[in-house]
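Structure record follows, encoded as structure tokens.
Reckoned from all heavy atoms, side chains included, excluding hydrogens, waters and symmetry mates.
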Amino acid sequence: MAKLTFLGSGDAFGSGGRLQTSMHIVTRNGGTFLVDCGASAMVGIRRFAINPNDISCIFLSHLHGDHFGGLPFFILDAQLVSKRTQPLYVYGPPGCKERILAAMDIFFPGSATSPKKFEFVINEITPGETVDCGNIELTGYQVEHPSGSPSLALRIVVDGKVFAYSGDTNWTDNLAACGKNADIFVSEAYYFDRKVKFHLDLDSLSGHLPEIQPKKLVLTHMSSDMLERLDKELQDFNCAYDGLVIDF
């Protein structure tokens, strides 16, 4: 059994005072990784008492700041505060290496090339490719969300369990392939029924659930339009919040 903790469940704009997207997963054998690393990720890591040195991999869905902008802080913390010595592996869409290193040097000039006491490896995922990440099997499915490189939904197989994540996107059939029969499918539900290009609304998602058939659906990345409905129309849905823990 794996354990998922939402370190951040919010959108890019802090709706509801929530932290930006980042999920922490601990596997049955004790392996630990992040899925997305929004700009506030280190806040979530400290708030929920996560040891950043235990995190071996970080998987990125796409290259918007609320999904990868925490990496420069994470890496600098690893060097200066947490005194990391274990390798750190980052997996993201094509172009992520250049963007991550550029962000590091913009936020903290010189940090991209400064000596580190740990191995830091950035791997780029080709959409449709399945990658063996030690005890983790990762597949990225291209979705529709412009971010300067292909954006991905992620399907992660660990300990015989399937964790699927939509990333940010309007509906695309690749979401059905990514989430099919997943033990847990974490999906963006940015609006309730308003159709906005490049983002997913709950009405559209619900119409396609028979194609996905996840064992458990969890909604995240919700705008104020969704958050104001938590005690009304969303009572029968599993809705993420910062600090929510789910075993799967």
Note: R46-D77 ion pair, threshold 4.0 Å (strictly below): yes
Can a side-chain donor-acceptor contact be found between Q79 and S114 if the only test is distance below 3.5 angstrom? yes
In short, I25 meets A2 closest at the heavy-atom pair CG2-CB, 4.3 Å
Indicate yes or no: does K195 engage D203 in a salt bridge with an N to O separation below 4.0 Å. yes
Test applied, side-chain hydrogen bond (donor to acceptor under 3.5 Å, both in side chains); reference residue, S9; option that passes from R18, H221, Q20: R18
Donor on one side chain, acceptor on other, H67 and D168, under 3.5 Å: yes
Under 3.5 Å, is there a donor-acceptor pair linking the side chains of N29 and T27? yes
So, are K3 and D247 salt-bridged, with charged N and O less than 4.0 Å apart? no
So, D36 versus S61: side-chain donor-acceptor pair below 3.5 Å or not? yes
How close do G207 and P210 get, counting heavy atoms only, and between which atoms? O-CD, 3.8 Å
Only one of F163, Y89, F59, Y91 passes ring pair (Phe, Tyr, Trp, His ring centres under 6.0 Å) with F33; say which it is. F59
Exercise: identify the closest heavy-atom pair between F192 and R229: CB-NE, 3.3 Å
